[in-house]
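All residue numbers in this chain count up from 1 along the given sequence. Order of appearance sets the numbers: ligands from 1, and atoms from 1 within every ligand.
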Amino acid sequence: MPFTPDSDLDLLFPANLISPEVKSQLHPDVHIRPLASTDHARGHLSVLSVLTVATDLGEAAWVSQFNAMRAAPKTYYSLVVVDKASDRIVGAGSLFVERKFLRGLGSVGHIEDIAVDKQQQGKKLGLRIIQALTYISESGGCYKTILNCSDDNIPFYIKCGFERKENEMAKYA
Ligand code: ACO
């Protein structure tokens, strides 16, 4: 499939929120942009499946979730890295902005669901995704950007400039 430019896509958030510095440092074979409404067909869920079981409920259900996210302004920022030769997604990541009553009505950026296709790991795509999401968080005024990860991924996030802080608790339904 030929590469689709941002101007031909229906994007989750404005493309100018992607850091120009990150774009300039990105591997030349790939492009970083906001998630688009047609990205189900570009393998978005396949890339996310490196994280956990990525159940596919079909394109219509996927688009409905995309639209629900876009209807909450300045809250959901999912981005993707696209291989220019194939127009397929090879990396993905999300930022969720939480508004607070504390910290002078401040906001916190939560990084979630970082995934790089197995064939493309080790090419700094994960680093660029984290840098791009952190840029959106900080330029949007978040006073901190946080995430949860396994012990195995701690060295990766330290290389991305994060530090270890407190513990994660979880209760699954
Ligand atoms: N342990 C040690 N160092 C690592 C690791 C690791 N597990 N992963 C990456 N690094 C290092 C790299 O060697 C590189 O170091 P360098 O700058 O000295 O060369 C640096 O971190 C940047 O690595 P990238 O090439 O950007 O990493 P990559 O593109 O492979 O992405 C990622 C890393 C996202 C963890 C990828 O391996 C992946 O998708 N793994 C499976 C899914 C996953 O675990 N996702 C993260 C879940 S946590 C969350 O979503 C908040």
Item to complete: Specify whether Y77 and F13 have parallel, tilted or perpendicular ring planes, treating 30° as the upper limit for parallel and 60° as the lower limit for perpendicular.
Response: perpendicular
Practice prompt. Kindly indicate whether atom 16 (P) of ligand 1 is approached by any protein heavy atom to under 4.0 angstrom.
Written response: yes
Worksheet item: Hey, what do you get for CG (L26) to CD1 (I129), rounding to the nearest 0.5 Å?
Response: 9.0 Å
List the atom pairs, with distances to 0.1 Å, where a side-chain N or O of residues 31-46 and a protein N or O form a donor-acceptor pair under 3.5 Å, not counting sequence neighbours.
unit_1: H31; atom_1: NE2; unit_2: D6; atom_2: OD1; d: 2.9
unit_1: R33; atom_1: NH1; unit_2: D39; atom_2: OD2; d: 2.8
unit_1: R33; atom_1: NH2; unit_2: D39; atom_2: OD1; d: 2.8
unit_1: S37; atom_1: OG; unit_2: D10; atom_2: OD2; d: 3.3
unit_1: T38; atom_1: OG1; unit_2: R42; atom_2: NH1; d: 2.9
unit_1: D39; atom_1: OD1; unit_2: R42; atom_2: NH1; d: 2.9
unit_1: D39; atom_1: OD2; unit_2: A36; atom_2: N; d: 2.7
unit_1: H40; atom_1: NE2; unit_2: D56; atom_2: OD1; d: 2.9
unit_1: H40; atom_1: NE2; unit_2: D56; atom_2: OD2; d: 3.3
unit_1: R42; atom_1: NE; unit_2: D87; atom_2: OD2; d: 3.0
unit_1: R42; atom_1: NH1; unit_2: T38; atom_2: O; d: 3.4
unit_1: R42; atom_1: NH2; unit_2: T4; atom_2: OG1; d: 3.3
unit_1: H44; atom_1: ND1; unit_2: W62; atom_2: NE1; d: 3.2

Worksheet item: What closest approach, in Å, do L147 and F162 show between heavy atoms, and which atom pair accounts for it?
Response: CD2-CE2, 3.8 Å
Worksheet item: Going by the atom numbers of ligand 1, which of them fall below 4.0 Å from some non-hydrogen atom of N148?
Response: 48 (S), 49 (C), 51 (C)
Worksheet item: Which residue holds the protein heavy atom closest to atom 44 (O) of ligand 1, what is that atom called, and what is the gap in Å?
Response: N153 ND2, 2.8 Å
Worksheet item: In ligand 1, which numbered atoms sit nearer than 4.0 Å to a non-hydrogen atom of L127?
Response: 26 (O)
Fill in: salt bridge (Lys or Arg N to Asp or Glu O under 4.0 Å) partners for K100, two or more places apart
E98
Discussion item. Quiz question for you: does at least one protein heavy atom lie closer than 4.0 Å to atom 12 (C) of ligand 1?
Written reply: no
Worksheet item: Just going by heavy-atom distances, which of I114, D152, L125 is nearest to atom 34 (C) of ligand 1?
Response: I114
Practice prompt. From the options Q121, H27, K124, Q120, select the one whose nearest heavy atom is closest to atom 38 (C) of ligand 1.
Written response: Q121
Fill in: Protein heavy atom at shortest distance from atom 30 (O) of ligand 1
G122 N, 2.9 Å
Discussion item. With heavy-atom distances below 4.0 Å as the criterion, list the atoms of ligand 1 near D113.
Written reply: 50 (O)
Item to complete: Report the member of I130, V116, V50, L133 with the shortest heavy-atom distance to atom 41 (C) of ligand 1.
Response: V50
Worksheet item: Among the clusters formed by ILVMFWY side chains lying less than 4.5 Å apart, do I136 and I146 turn up in the same one?
Response: no
Worksheet item: Can you name the nearest heavy-atom pair linking A92 to L48, along with the distance?
Response: CB-CD2, 4.2 Å
Worksheet item: In the single-linkage hydrophobic clustering (I, L, V, M, F, W, Y; side-chain heavy atoms under 4.5 Å), do Y135 and L11 co-cluster?
Response: no
Worksheet entry | Least distance between heavy atoms, Q131 atom then R128 atom | OE1-NH1, 2.8 Å
Item to complete: Quick one: look up the protein heavy atom nearest atom 29 (O) of ligand 1 and list residue, atom name and how far away it is.
Response: G126 N, 2.8 Å
Worksheet item: Identify the closest protein heavy atom to atom 18 (O) of ligand 1: which residue and atom is it, and at what distance?
Response: K159 NZ, 2.9 Å
Worksheet item: Nearest to atom 9 (C) of ligand 1, what protein heavy atom do you find, and at what distance?
Response: F156 CD1, 3.5 Å
Response to the item:
shortest atom 47 (C) of ligand 1-to-protein heavy-atom contact is with L51 CD2, 3.6 Å
Worksheet item: What protein heavy atom sits nearest atom 3 (N) of ligand 1, and how far away is it?
Response: P155 CB, 3.9 Å
Worksheet item: Under 4.0 Å from any heavy atom of K123, which atoms of ligand 1 are there?
Response: 25 (O)
Worksheet item: If you take all heavy atoms of P28 and K84, which pair is closest and at what distance?
Response: O-NZ, 2.9 Å
Worksheet item: Does some non-hydrogen atom of I129 fall short of 4.0 Å from ligand 1?
Response: no
Worksheet item: Which residue and non-hydrogen atom of the protein lie closest to atom 48 (S) of ligand 1, and at what distance in Å?
Response: Y157 OH, 3.3 Å
